[in-house]
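Right, one structure below, let's go through it.
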Amino acid sequence: MSETKTTLTDAVHDLLRKAIIEQALKPGMRLPEDTVGEQFGVSRTIVRHALVRLEHEGLVVTRRNRGAFVAEPSRDEAQHVFEVRRCLENDVIRLLCKRMPASGYDQLEAHVRQEQAVHGKDGPVSIRLAGEFHILLAELTGNPVLTRYISEVVIRCSLIMSLYARSHSSDCAVDEHSQIIAAIRAGDAERAINLMEHHLGAVADRAELAPQPDSIQSILSHYGKELAQ
């Protein structure tokens, strides 16, 4: 692939991924190559390459004779993703308590200020910035492999929240990000890990990942209460 095509593919990939992270593109939404190409002013070939990359990241699925769709993770898959995320982010904390770059705290605090500036004002941007905080933590470890894995699970969690979150507010609590930074700065890995565990647990709790009852009794029980009033 030529350098121009690679650059265009990167751009289309990044824009589609951003739209998924900000929950503008919803799970199950079809992504026709011609429509995407028209909107971005690129060829179907460029779009196809971008969609393949997104499929490798677990954000898109291709269905035979039907094309590409935004992925719809099952509840089991969602639970597995959150389990992996907790393990990886705990390792990020341990590493940062040992080797935070000189400018690391400035970068983290600047990012939190960005989150505070849009909190409660721009839901999609808040959701994206919340995820990018965790990716920044991984980047500061200086480990590109760990950063790649963190980036993938964080983005997939955003997709999961779009599908299963009980409310539209699926972004992280900004004050908890500040508490995590303070604990890392103090070199208190145990406290920082506990804060991260609680933080990610709260995110997961906003998603209804447990199987939901669908019997006729459970469906009508809510309406029966209205009759009794």
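In this text, all values refer to a predicted model and were calculated from it rather than measured experimentally. Only heavy atoms go into these numbers, but all of them, side chains included; no hydrogens, no water, no symmetry mates.
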Hydrophobic clustering (ILVMFWY, side-chain heavy atoms < 4.5 Å, transitive) - are Ile155 and Val52 grouped together? no
Minimum-distance pair of heavy atoms, taken over all atoms of Leu108 and Met100: CD1-CE, 3.8 Å
Chi angles and distances behind the side-chain contact (heavy atoms from CB on, under 4.5 Å) call for Arg85, Val154: CA-CA 7 Å; Arg85 181 174 177 179; Val154 167; 3.9 Å; yes
From Leu137 atom CG to Ile181 atom CD1, the distance as rounded to the nearest 0.5 Å: 7.0 Å
Can you name the nearest heavy-atom pair linking Phe82 to Cys157, along with the distance? CE2-SG, 3.7 Å
Indicate if Val47 and Phe69 have the same hydrophobic cluster label, given that clusters are the connected sets of ILVMFWY residues with side-chain heavy-atom separations under 4.5 angstrom. no
Report, as yes or no, whether the 6.0 Å neighbourhood of atom OH on Tyr149 holds more than 12 heavy atoms from other residues, nucleotides or ligands. no
NZ/NE/NH1/NH2 to OD/OE distance under 4.0 Å, Arg185 and Glu109: yes
Hey, are the side chains of Asp188 and Glu190 touching, using non-hydrogen atoms and a 4.5 Å cut-off? yes
Minimum heavy-atom distance Val174-His119, with the two atoms named: CG2-ND1, 3.9 Å
To the nearest 0.5 Å, atom CG of Leu8 lies from atom OG1 of Thr45 at 11.5 Å
Counting only N and O atoms by type, is there a donor-acceptor contact under 3.5 Å from the side chain of Arg99 to the main-chain atoms of Thr141? yes
Residue pairs, two or more places apart or on separate chains, that pass salt bridge (charged side-chain N to carboxylate O under 4.0 Å, His left out) and touch residues 39-48: Glu33-Arg44, Glu33-Arg48
With side-chain contact (heavy atoms from CB on, under 4.5 Å) as the test, would you mind laying out the steps for Ile180 and Ile93 before giving the verdict? CA-CA 9 Å; Ile180 291 168; Ile93 295 294; 3.9 Å; yes
Test of ring centre spacing under 6.0 Å for His134 and His111: no
Take Leu59 and Leu16 through the side-chain contact (heavy atoms from CB on, under 4.5 Å) test and state the conclusion after the steps. CA-CA 10 Å; Leu59 300 178; Leu16 288 174; over 6 Å; no
When rounded to the nearest 0.5 angstrom, what is the spacing between CG in Asp10 and CZ in Arg17? 10.0 Å
Quick one: do Val112 and Leu140 end up in the same hydrophobic cluster if we chain Ile, Leu, Val, Met, Phe, Trp and Tyr together by side-chain heavy atoms under 4.5 Å apart? yes
Donor-acceptor pair, Ser151 side chain versus Thr147 backbone, under 3.5 Å? no
Do Met29 and Val61 land in one hydrophobic cluster if side-chain heavy atoms of ILVMFWY residues count as linked below 4.5 Å? no
To the nearest 0.5 angstrom, please state how far the OG atom of Ser178 sits from the CZ atom of Arg113. 10.0 Å
Nearest heavy-atom pair of Glu115 and Ala130: which atoms, and what distance? OE1-CA, 3.5 Å
Working for side-chain contact (heavy atoms from CB on, under 4.5 Å), residues Arg128 and Glu132: CA-CA 6 Å; Arg128 175 171 54 80; Glu132 288 176 354; 3.3 Å; yes
Salt bridge (charged side-chain N to carboxylate O under 4.0 Å, His left out) pairs, two or more places apart, involving residues 54-67: Arg63-Glu72
Any chance you could measure Lys26, atom NZ, to Leu159, atom CG, to the nearest 0.5 Å? 10.5 Å
Quick one: closest heavy-atom pair of Ser158 and Ile127, and the distance? OG-CG2, 3.9 Å
To the closest 0.5 Å, what do you measure between OG (Ser43) and CD (Glu38)? 12.5 Å
Please report the closest heavy-atom contact between Tyr164 and Pro73, naming both atoms and the distance. OH-O, 2.6 Å
Salt bridge (charged side-chain N to carboxylate O under 4.0 Å, His left out): which pairs involve residues 135-157, sequence neighbours left out? Glu77-Arg156, Glu152-Arg156
